[in-house]
A.B. asks: 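One structure, pasted below without further comment.
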Amino acid sequence: MNEHLSQKIFPTTQLEDADGEGHNSSLNPTMGEIISKRFSRRSFLQGSLAVAAITATVSPVALMTAEKARANGASAFSFPEVEAGVDANHHVAEGYNADVLLRWGDALFPDAPAFDPTKQTAEAQRRQFGYNNDYVGFIPLEGSSTNGLLVVNHEYTNPHLMFPGIVKIVDGKISQGKLSKEQVDVEMAAHGGTIVEIRKVDGKWQVVPEGRYNRRITSTTEMQLTGPAAGHDRVKTSADATGTRVIGTLNNCAGGVTPWGTYIMAEENFHGYFSGELPEGHKEAANYKRYGVPEGGYDWANYYDRFDLSKEPNEPNRFGWIVEVDVMDPTATPKKRTALGRTKHEGAASIVSKDGRVVFYLGDDERFDYVYKFVTSGTFNANDRAANLDLLDEGTLYVAKFAEDGTLQWLPLIFGQGPLSAENGFASQADVLIETRRAADIVGATKMDRPEDIEPNAVNGKVYVMLTNNSKRKADQVDAANPRPDNAFGHIIEITEDGGDYSATSGKWEVLLKCGDPSVAEVGATFSTETSKNGWFGMPDNCAVDSAGRLWVATDGNNNKATGRTDGLWAVDTEGDARATSRLFFRVPVGAELCGPLFAPDDETAFVAVQHPGDGGDDWAGHGRPSYYEDLSTRWPDFKDDMPVRPSVLAITKIGGGKIGI
């Protein structure tokens with residue numbers, strides 16, 4: 001989120017900004033220190049490991065087109081670039097349509113009420129599309145690219161944009177009042193996720209309200225804790241003496257779809273929902289400090305004891321997990337898979353390794369925190385879906401250590417190995433997972449610049465790590481993998497696992513791109529000289545790899561103040577002479593960030609999520625004022641006086657049909 005005036009006024013904007021000092025006090029080297037030392041010796045490392053055969057679905061036509069372009073040393077993308085800028089609407093490349101598919105409040109079931117922003121209720125919201133759509137996934141029905149289940153995370157809520165009358169102006173000062181219980185209940189119902197059937201008819205996507213798998217998951221949906229931490233005393237509460245039954249999920253940022261077709265919801269900034277103080281001397285005090293608990297950005301503790309640390313001191317240990325949902329059973333209990341660790345998870349993208357085990361890449365989105373991966377103990381069975389449904393309960397969680405020479409080690413987080421012992425306060429694997437961050441501190445992981453989305457590329461065998469920014473990194477904290485102090489614009493790292501095997505415990509890494517305006521020398525951006533003034537970007541956040549293996553990067557943090565442009569979706573070349581060339585394909589309205597993105601299996605649709613439009617302190621004219629329900633910087637996407645801004649998912653298609661970006 002952007003550094004805007006509204007951060008000082010509206011708590012949820014401040015919470016999602018993630019611009020604090022970070023909570024990692026370990027002495028581990030930072031990625032900036034590593035990159036700095038590495039590149040002081042040589043400007044660029046050449047070479048990569050051979051790419052092995054990888055289990056994936058690849059579009060032959062798109063792949064042939066991209067490979068032909070790369071063979072000629074040209075860009076793998078061909079579309080008229082969008083002009084960068086800031087205004088009230090969205091913009092897509094010429095020759096494409098960007099159609100709003102789902103807006104906050106849209107009906108998901110035949111009996112869902114019409115959206116009325118002045119009379120919101122929790123009951124209505126549970127039947128409607130939720131707020132602040134982030135991750136977008138697509139699960140084909142019967143193998144179709146034109147009919148499937150759209151799965152969407154609803155990360156958080158902005159009450160100042162949702163509810164009329166809560167922002168007050170007294171003597172020229174703007175403040176946000178406390179929410180009523182009814183408004184909090186609406187917020188809780190607007191969190192979570194959506195599972196909804198969609199189909200493409202005559203070239204246009206549409207929602208199927210009568211879809212038998214349609215479902216809303218919210219902050220009050222019952223869930224099950226599974227894996228090593230399930231049943232541990234540290235996750236037991238007065239409402240759950242078993243330590244296995246959790247009410248709800250929250251702050252679901254990016255996510256994933258597993259090879260067996262389940263939906264992954266990653267819990268990120270859970271710290272903001274808790275208020276109150278722990279009892280004096282409570283054993284969780286150091287643990288919670290490492291995660292920033294409590295932050296108190298929401299009013300939920302005013303009405304629900306489980307969010308008040310003085311009443312339920314163990315409740316925060318029940319959040320910060322990876323949640324798995326079986327979308328083919330609308331009655332299935334979602335499961336929090338504790339084997340994948342407890343952090344501020346950005347997402348969980350997965351791929352099948354050479355030996356059939358499944359590898360999940362995980363970013364912990366906070367300044368100076370870490371990059372992880374999880375490797376299942378069991379192997380994926382493509383012929384027996386049911387056999388895969390509990391694969392995430394057993395496996396090894398690793399954290400990354402980047403070396404100055406361009407090598408990488410994946411350090412296992414296993415109780416009893418090395419320093420993860422009773423001498424350091426760990427009594428079991430459950431303790432290691434509940435305090436994943438501290439375990440990673442102790443084994444010596446590399447402190448990163450906000451690791452967010454991490455996506456494996458099934459075509460070229462690489463793994464792309466989005467590092468959004470770190471304005472708090474000082475000059476004496478730079479390292480090889482985080483090369484810039486005051487890293488306002490972020491960078492992208494490319495990993496090649498040893499032997500082309502995603503389950504390998506070592507590999508090589510390279511900086512693909514340092515972001516920011518390349519025309520400003522002190523920024524140190526490394527876009528190719530073929531990148532236009534519209535093509536550069538800052539703050540890489542989410543990304544997608546299409547079936548041809550091409551990289552698309554979504555951003556969070558571009559704005560009038562930082563870059564003079566909104567966030568958007570950029571196509572980034574990763575191969576050949578065009579490597580590090582970027583071009584702008586889609587941009588969002590003022591105040592929004594671009595989430596998703598997602599490509600349909602046939603690459604003929606790009607789904608994008610426009611989150612928190614109208615938030616922040618700059619309107620499109622750069623007046624620097626806060627934006628709230630009664631005085632919005634945009635009324636996207638409806639542009640009606642009686643409608644507020646509405647976070648939405650859009651479907652982008654080529655006019656007349658065809659592959660996106662070609």
A.B. asks: For this output row, return yes or no: ring centroids of H612 and W104 closer than 6.0 angstrom.
C.D. replies: no
A.B. asks: When you compare the side chains of N132 and H191, does any donor N or O come within less than 3.5 Å of an acceptor on the partner?
C.D. replies: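 The criterion, which ignores hydrogens and geometry beyond distance, is not satisfied for H191 and N132.
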A.B. asks: For side-chain contact (heavy atoms from CB on, under 4.5 Å), just list the numbers for T505 and Q409, CA-CA rounded to whole Å, side-chain angles, deciding distance to a tenth of an Å, and then say yes or no.
C.D. replies: CA-CA 6 Å; T505 57; Q409 285 183 291; over 6 Å; no
A.B. asks: Is it the case that the side chain of D449 and the backbone of N469 share a donor-acceptor pair, with hydrogens and angles ignored and the cut-off at 3.5 Å?
C.D. replies: no
A.B. asks: Can we call the ring centroids of Y273 and F319 under 6.0 Å apart?
C.D. replies: no
A.B. asks: Using only heavy-atom distances, determine whether the side chains of Y156 and N252 contain a donor-acceptor pair under 3.5 Å.
C.D. replies: no
A.B. asks: Is it true that the side chains of D498 and S506 contain a donor and an acceptor less than 3.5 Å apart?
C.D. replies: yes
A.B. asks: Taking it one step at a time, do E455 and Y361 satisfy side-chain contact (heavy atoms from CB on, under 4.5 Å)?
C.D. replies: CA-CA 7 Å; E455 292 283 339; Y361 289 93; over 6 Å; no
A.B. asks: Decide if the gap between the ring center of H90 and the ring center of F586 is smaller than 6.0 angstrom.
C.D. replies: yes
A.B. asks: Of all residues at least two apart in sequence or in a different chain, which pass the side-chain contact (heavy atoms from CB on, under 4.5 Å) check with P419?
C.D. replies: N424, I442, V443
A.B. asks: Examine distances only and state if a side-chain atom of N470 and a backbone atom of R473 form a donor-acceptor pair shorter than 3.5 Å.
C.D. replies: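 It does hold such a pair.
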A.B. asks: Any donor-acceptor pair under 3.5 Å linking the side chain of D517 with the backbone of S519?
C.D. replies: yes
A.B. asks: Verify the distance criterion only: is there a donor paired with an acceptor across the side chains of T555 and E593 at less than 3.5 Å?
C.D. replies: no
A.B. asks: Please find out if less than 6.0 Å separates the ring center of H271 from that of Y291.
C.D. replies: no
A.B. asks: Could you check whether any side-chain N or O of T338 sits under 3.5 Å from a backbone N or O of A229, counting only pairs where one atom can act as donor and the other as acceptor?
C.D. replies: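 Side chain of T338 to backbone of A229: a pair is present.
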A.B. asks: Before we go on, tell me: are the rings of Y398 and W410 under 6.0 Å apart, centre to centre?
C.D. replies: no
A.B. asks: Between N558 (side chain) and G538 (backbone), is there a donor-acceptor pair under 3.5 Å?
C.D. replies: yes
A.B. asks: Look only at the side chain of N457 and the backbone of G461, and say whether a donor-acceptor pair between them is shorter than 3.5 Å.
C.D. replies: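 Such a contact is absent between N457 side chain and G461 backbone.
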A.B. asks: Check whether the side chains of N460 and E575 place a donor and an acceptor atom closer than 3.5 Å, and report yes or no.
C.D. replies: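 There is such a pair between these side chains.
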A.B. asks: Taking ring pair (Phe, Tyr, Trp, His ring centres under 6.0 Å) as the criterion, tell me which of F599, F607, W570, Y464 meets it with W552.
C.D. replies: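 The option that passes is F599.
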A.B. asks: Check K447 with D369, please: is the shortest side-chain N to carboxylate O separation under 4.0 Å?
C.D. replies: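 No, D369 and K447 are not salt-bridged.
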A.B. asks: Going by atom types alone, do N542 and D556 pair a side-chain donor with an acceptor below 3.5 Å?
C.D. replies: no
A.B. asks: Taking only residues two or more places apart in sequence or in another chain, which ones pass side-chain contact (heavy atoms from CB on, under 4.5 Å) with T566?
C.D. replies: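 For T566, the residues satisfying side-chain contact (heavy atoms from CB on, under 4.5 Å) (neighbours in sequence not counted) are V86, R587, V588.
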A.B. asks: Strictly by modelled atom types, are D134 and Q611 linked by a side-chain donor-acceptor pair under 3.5 Å?
C.D. replies: yes
A.B. asks: Step by step, work out the side-chain contact (heavy atoms from CB on, under 4.5 Å) result for V572 and F537.
C.D. replies: CA-CA 11 Å; V572 179; F537 58 84; 3.9 Å; yes
